[in-house]
Amino acid sequence: MERKLRILIAKPGLDGHDRGAKVVARGLRDYGFEVIYTGLHQTPEMIVKTAIEEDVDAIGLSILSGAHLTLFSEVKRLLKENNAEDIHLFGGGIIPDEDKEELYKMGVGKLFGPGTTISEIVDYLNETFASKQEK
Amino acid sequence: MENENIKKAKEICSETISGIPLKLFYTPDDIKDFDYERDLGIPGEYPFTRGIRHTMYKGRLWTMRLFSGFGTAKDTNKRYKFLLEHGETGLSVAFDFPTLYGRDSDDPLSRGEVGICGVAISSLADMETLFEGIPLDKVSTSMTINGPAAILWAFYIITAEKQGVSPEKLRGTIQNDILKEYIAQKSWLFPPEPSLRIITDIMEYGSKYLPQWNTISISGYHIREAGATAVQELAFTLMDGFTYVEEGLKRGLDIDTFAPRLSFFFDSHLDFFEEIAKFRAARRIWAREMKNTYGAKKKESLLLRFHTQTAGCTLTAQQPENNIIRTAYQALQAVLGGTQSLHTNSMDETWALPTEKAALIALRTQQILAYETNIPNVIDPLAGSYYIEYLTNKIEEEAYKYFKKIRELGGMVKAIEMNYPQREIADAAYRYQKAVEEKRRIIVGVNDFILPDEKLEIPILKIDPRVEEEQKERLANLRKKRDNNLVNKRLKELESVAKGKENIMPPILECVRAYCTLGEICRTLKEVFGEYREKPIF
Amino acid sequence: MNTGELIERFEKKEARALAKIISLVENNSTVAQEILSRLYPKIGKAYRIGITGPPGGGKSSLIERLASQFLKEGLDLGIVCVDPSSPFTGGAILGDRVRMSSLFLESKVFIRSMATRGSLGGLGLRTKEVCDILDAYGKDIIIIETVGVGQIEVDIAKTAYTVIVVLVPESGDTIQTLKAGILEIGDIFLINKADREGADRLAMELEMTLKMKEKNSPTPIILTCALTGEGLDELFQEIKKHRNYLEENRLIEKKRKEIIASEVKELTEEKIVGKTWESKEIKEILDHLVDEIYQGKITPFTATEEIIKIIKGM
């Protein structure tokens, strides 16, 4: 049986803008991924626990409120604390280039901004997991 | 006898962004049934299609009102003074996420979000700082606040009181439109029933004590930004409006007392003529329904007065300077559509909050429109255009289909519980994305006319990370200095009124006078009313 | 992480190990069988509750409420939510857990979303095995939520001891239109969103229909409103009652054996079907047989005999 990639799409913090997250979730589904959506107002703790239980391959954080530096670093920290650093972290939203650089330095994966197509995200995820074979 | 070329031309069709089919050109045949008196009337007369006033912009130009707020109240106060100095004619407050959700800056869930996408207002003291040096009897202020609207309104009213300005002199708007929060913007607090009670309390209190204040800004902007089409934006917004009217009537309020203070807020999106037609249809539908369905008698009750914001979701991160042009076209649409108040987006908003320079350009966009183009001198110049009148009729027709469907579902509140508008919006958003990805819809700089290896060359606003600490300190000091016994007393009084049926504004005002914080007041109310939780669909 | 290490951490009750083992089994990985045989002796303690019914019934919200009740009694919970995979793309949006957010931080609750991945019933291909793993992990209660898109919901009876069928007044469900079988498998019937019009009427219709099929004791029909919590105590009590009834009459063993039997049957069928259509020999002869049938030389039945001959020889 073909191994399915499982992606968690999460809305951390108080940001209520979910148009993008929902469109991405649907889009990934249309490209054959299994997508779990967390819903709004998730704390980093909730997101990491969900990611572990669902054994997702990647977490995509959607942040349009500007609180990305705090939220990404908190999620990263919790993944480390829970021995789950192999779960890939990426995301999207309104993130200035300068902050993107800082996040990349922290070890966060690609950050997608306005104008990104679903196929770009799909290609990125497929490439990232190309090496992951069925165990 | 039609020649071949004309025949071919007539077969060409396209569609509006909302999917309304379009011919290549329109003729009198397309508005065969047109009746000037019935369908248009003169501006300022029923059905107000052409505009709500006889003189429109010659009598009073639209208000140039830029949505702003970031960091602390002090930071934002500076920006307000800057904009007023440069010709802005109305204020518009953008609050940060914690404030939108009724949480103080030192709430654990506020971490990392204080002052980041709006101004942090946790107490009366913050509001006083926000308007320091700005006389509240001389400006009109719009506040984008929904769940905790009653409390922020109270902050404003008491700030004015401290300035020596009495409530009946205050002019402005609170957004206070909870239905669209459930549908689109998602900054809710309580479940629908208590929320509607609060909104009706606000309408009642406002009609008694603040006759110049708009107690709701029934909004389509957020619905549109979430992905809706123009027709959906119009239909869902007006249905929300009808619902609030019905709530007011249920309460026993006189429609001609509260209706004149209902206002609206629309998006100005990409499809030039569709947007203008949408604004005209909105006025006509509202006037007709208020008169015929709800029995309003006063002219003021029939007027759909609206604020417009140019569409944020159409801005691009790529080649951001192009956003200035998009905003200019969208501002033009709003003016040709007869808006009463206008916010123009800044070019850098796909990256961060606006810098001073970007905000200034946005303001200048409006001023050039107002003073250089001569457009404001003649009202509703597009009236009589076969295309515009056809489109206005068509959009109205499509909106009525939605009204029927929603009424069949049992009304807007039921429809929202069933996720009906949310699903329509999510579907429309997905279709739009597919259209862009398949290049059926071109976005300059994004899927065509791309600059490879673009480097961002405009300055980006950065919020000082110290803002959160500063706010926490302020709150700690406030809590030390105030009379905490009085605070507890007032909160208890609020709790008992919340549990009962009296108007909730007076006890909230008392809490505010005692310097209860936003979070404290909301927590008390949450305990009585509960918290709303959505059941999302895709 | 090698298998031994994984099982060790599983036994130490590490959630990550549990999750990883579930994935290995769900993906039919080569070590899945080994792991399952190591875990199998531990299975049998957990009580399994299945929740099924048409979409829009509020199953997820009900589960959230039910779960908090169980938590109050100090029980350890596993929740498995199944959603349909797209038949065209193979992908899925697993959107049930999003309605149980109040449980997200409970350490005693483990929620896992599964896609059907080609299975035609209301369960995913490996849902039963996933329940087994949660059982071995030490969960007291396992709640399984099926797809609910109106297909063969009856699958749930093959994996749960108590089956709860959730209906709503206005899903247009008059009893006649309910899928055959759903009425048979329900141990408890729930009419959710009971504050809506038509709830009482539906309850009456249901009662009359069930009476006609009744064996011994009447099947409970409960009116609930997940929003207000109305009827939930009753539901909780009925579940307890049903469980006691099964335990007192030693029916749990019977049910468990039924579940195991159906699992074995399914796995066997899966294997045979898989082997059959993957066989090169059969693939080749299939084309030939189809031609013959098309030309009227043989019938589909004859063709089947030919294929079976080959399978027997394999």
Side-chain angles (χ1 to χ4, degrees), chain A residues 9 11-31 35-46 63-75 92-102 111-122, chain B residues 70 96-98 100-101 103 108-118 181 184-188 222 225-227 313 315-318 348-353 422 425-427 429-430 432-434 436-438 443 445-447 450 455-456 460-463 465 468 533-538:
Chain A
I9 298 291
K11 290 291 304 174
L14 299 174
D15 176 17
H17 301 98
D18 57 3
R19 172 179 180 173
K22 287 188 177 178
V23 165
V24 168
R26 254 207 225 196
L28 290 179
R29 187 261 316 266
D30 286 353
Y31 276 90
V35 184
I36 296 145
Y37 174 61
T38 60
L40 295 174
H41 312 142
Q42 301 293 296
T43 62
E45 288 81 9
M46 289 161 87
I63 305 175
L64 290 93
S65 61
H68 41 269
L69 289 173
T70 314
L71 293 167
F72 267 104
S73 58
E74 201 36 31
V75 170
I94 302 289
I95 305 172
D97 279 344
E98 205 180 296
D99 292 352
K100 276 196 187 134
E101 289 310 314
E102 208 178 311
L111 294 166
F112 297 96
T116 304
T117 60
I118 294 167
S119 48
E120 270 175 75
I121 302 177
V122 169
Chain B
F70 55 89
D96 67 3
F97 263 116
L100 293 176
Y101 281 104
R103 293 181 185 272
L109 284 183
S110 303
R111 234 191 88 208
E113 312 228 35
V114 177
I116 300 288
C117 74
E181 293 304 314
Q185 186 164 235
K186 320 229 166 175
S187 51
W188 51 63
H222 320 82
E225 294 290 297
C313 64
L315 302 182
T316 61
Q318 296 77 2
D348 49 0
E349 297 200 59
T350 46
W351 291 102
L353 295 185
Q422 296 92 315
I425 293 169
D427 286 348
Y430 195 64
Y432 189 86
Q433 181 68 18
K434 285 260 113 164
V436 170
E437 291 199 22
E438 290 161 18
I443 302 186
V446 173
N447 63 4
I450 296 173
K455 289 265 175 307
L456 189 65
I460 297 295
L461 184 77
K462 291 234 92 187
I463 304 294
E468 193 170 326
R533 271 179 54 209
E534 72 161 352
K535 309 241 175 279
I537 45 85
F538 298 89

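When reading the values below, keep in mind they use all heavy atoms of this one structure, side chains included, and skip hydrogens, waters and symmetry mates. Convention: sequence-line order gives letters A, B, ...; per-chain numbering from 1.
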Quiz item: Side chain, backbone, both or neither: which part of B/I443 has a non-hydrogen atom closer than 4.5 Å to chain A?
Solution: neither
Quiz item: Quick one: of A/P96, A/A25, A/G115, who has the most non-hydrogen atom pairs under 4.5 Å with chain B?
Solution: A/P96
Exercise. With rounding to the nearest 0.5 Å, note down the distance linking CZ in B/F97 to NE2 in A/H17.
Key: 5.0 Å
Practice problem: Select one option (side chain, backbone, both, neither) describing which atoms of B/E534 are under 4.5 Å from chain A's heavy atoms. | Solution: side chain
Quiz item: Excluding sequence neighbours, so at least two apart, what forms side-chain contact (heavy atoms from CB on, under 4.5 Å) with B/I450?
Solution: none
Quiz item: Around atom CZ of B/R111, are there more than 12 heavy atoms of other residues, nucleotides or ligands at under 6.0 Å?
Solution: no
Practice problem: Taking B/E113 for its side chain and A/L14 for its backbone only, find out whether a donor-acceptor pair lies under 3.5 Å. | Solution: yes
Self-check item: Option that, when pairs with chain A are counted at under 4.5 Å, heavy atom only, ranks first among B/E349, B/E225, B/E181, B/K455
Solution: B/E225
Exercise. May I ask you to decide if A/P114's main-chain N or O and B/Q318's side chain share a donor-acceptor pair within less than 3.5 Å?
Key: yes
Practice problem: Tell me, for B/Y430 versus chain A, whether the close heavy atoms (under 4.5 Å) come from the side chain, the backbone, both or neither. | Solution: both
Self-check item: Any residue meeting side-chain contact (heavy atoms from CB on, under 4.5 Å) with A/E102, in chain and number order, not counting sequence neighbours
Solution: A/L69
Quiz item: Checking heavy atoms, do the side chain of A/H68, its backbone, both or neither come under 4.5 Å from chain B?
Solution: neither
Quiz item: Does a side-chain heavy-atom distance below 4.5 Å link B/Q433 with A/I118?
Solution: yes
Exercise. Measure distances from A/D15 to the heavy atoms of chain B and classify the residue's part below 4.5 Å as side chain, backbone, both or neither.
Key: both
Quiz prompt | Which portion of B/K535 sits near chain A, non-hydrogen atoms under 4.5 angstrom | solution = neither
Exercise. Below 4.5 Å from any heavy atom of chain A, which atoms of B/S187 appear? Answer side chain, backbone, both or neither.
Key: neither
Practice problem: Could you grab the distance from atom NZ of B/K186 to atom CG of A/L40, nearest 0.5 Å is fine? | Solution: 5.5 Å
Exercise. Any chance you could measure A/D18, atom CG, to B/Q185, atom CD, to the nearest 0.5 Å?
Key: 11.5 Å
Quiz item: What pair of heavy atoms forms the shortest contact from A/R19 to B/A429, and how long is it?
Solution: NE-CB, 3.8 Å
Practice problem: Measure the spacing between CD1 of A/I63 and SG of B/C117 and express it to the nearest 0.5 Å. | Solution: 12.5 Å
Quiz item: For A/K11, is it the side chain, the backbone, both, or neither that has a heavy atom closer than 4.5 Å to a heavy atom of chain B?
Solution: neither
Quiz prompt | Side chain proximity check, A/K22 to B/I425, heavy atoms < 4.5 angstrom | solution = no
Quiz item: Side-chain contact, heavy-atom cut-off 4.5 Å: A/R26 with B/D427?
Solution: yes
Self-check item: Heavy-atom proximity to chain B below 4.5 Å, by part of A/T43
Solution: side chain
Practice problem: Report, as yes or no, whether the 6.0 Å neighbourhood of atom CD on A/E120 holds more than 12 heavy atoms from other residues, nucleotides or ligands. | Solution: yes
Practice problem: For each of B/I463, B/I460, B/T350, B/V446, tally heavy-atom pairs with chain A at distances under 4.5 Å, and name the one with the top tally. | Solution: B/T350
Quiz item: Side chain, backbone, both or neither: which part of B/P465 has an atom under 4.5 Å from a heavy atom of chain A?
Solution: neither
Self-check item: Contact summary for B/L456 and A/D97, nearest pair of heavy atoms
Solution: CB-OD2, 3.7 Å
Self-check item: Which atoms of A/E74 approach chain B - backbone, side chain, both or neither, heavy atom under 4.5 Å
Solution: side chain
